[in-house]
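One structure is given here, and the rest of the page talks about it.
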Amino acid sequence: MTPPIIQWVRPDSGNCPVADTLHALGGKHKPRILHCLAMSDLYFLELTRALDGISRKVLAEQLRDLQAFGLITRTERNDARNRIAYSLSEKGSALAAILSQIYDWSVLYPLSAQTDSHPLAR
């Protein structure tokens, strides 16, 4: 006998929390930003240097989105340069651990392979 299928829908809102989370991580840069911030807190300029192929405008937008979702915190440093530091929030740190597991899975089962011998094709 197969176990019953549990629906991934919140009874109060009808939304799927998994879909909501994937939406929050949408785009190619957000997981990379979270990975960088999981390594250490970084200033905006340090993030631009760490993330090749992303403009400052797009980076700023992505950081605002991640902050709105409560995954990162933005701290203004009152030093001579008035720099802005970014770090993972508690919620973001918990998600970073899950992203690390997804990375490990993706190394074992790369989705870019399109052959019959691919483990996901079975």
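Computation of the quantities below employed the complete heavy-atom set of this structure, encompassing side-chain atoms and omitting hydrogens, waters and symmetry-equivalent molecules.
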Honestly curious: do [X] and [Y] fall in one hydrophobic cluster under the side-chain, below-4.5 Å linking rule?
X    : Y    : value
L111 : V107 : no
L45  : L51  : no
L66  : I98  : yes

[atom1]-[atom2] distance between [X] and [Y], expressed to the nearest 0.5 angstrom:
X    : Y   : atom1 : atom2 : result
Y43  : R81 : OH    : CZ    : 8.0 Å
Q101 : L99 : CD    : CG    : 9.5 Å
I33  : L63 : CD1   : CG    : 5.0 Å
S40  : L88 : OG    : CG    : 9.5 Å
Y86  : I72 : OH    : CD1   : 6.5 Å
L25  : D65 : CG    : CG    : 11.0 Å

Can you see which heavy atom on [X] is nearest to which on [Y], and at what distance?
X   : Y   : result
D41 : E46 : O-OE1, 4.4 Å
P31 : G27 : CD-O, 3.6 Å
G26 : Q62 : O-OE1, 4.2 Å
N78 : N82 : CA-OD1, 4.2 Å

> Can you tell me if T21 uses its side chain to pair, donor with acceptor, with the backbone of P17 under 3.5 Å?
Replying inline: yes
> Are any of the side-chain heavy atoms of L71 and L37 separated by less than 4.5 Å?
Replying inline: no
>> Do L108 and D104 have side chains that approach each other closer than 4.5 Å (heavy atoms only, starting at C-beta)?
In response: no
>> If only side-chain N and O atoms count, and only distance matters, is there a donor-acceptor pair under 3.5 Å linking H29 with R32?
In response: yes
> Does a side chain donor of either T73 or S89 reach within less than 3.5 Å of an acceptor in the other side chain?
Replying inline: no
> Above 12 or not: heavy atoms from other molecules or residues under 6.0 Å from CZ of R83?
Replying inline: yes
>> Would you call the rings of H23 and F69 parallel, tilted or perpendicular, taking 30° and 60° as the class edges?
In response: perpendicular
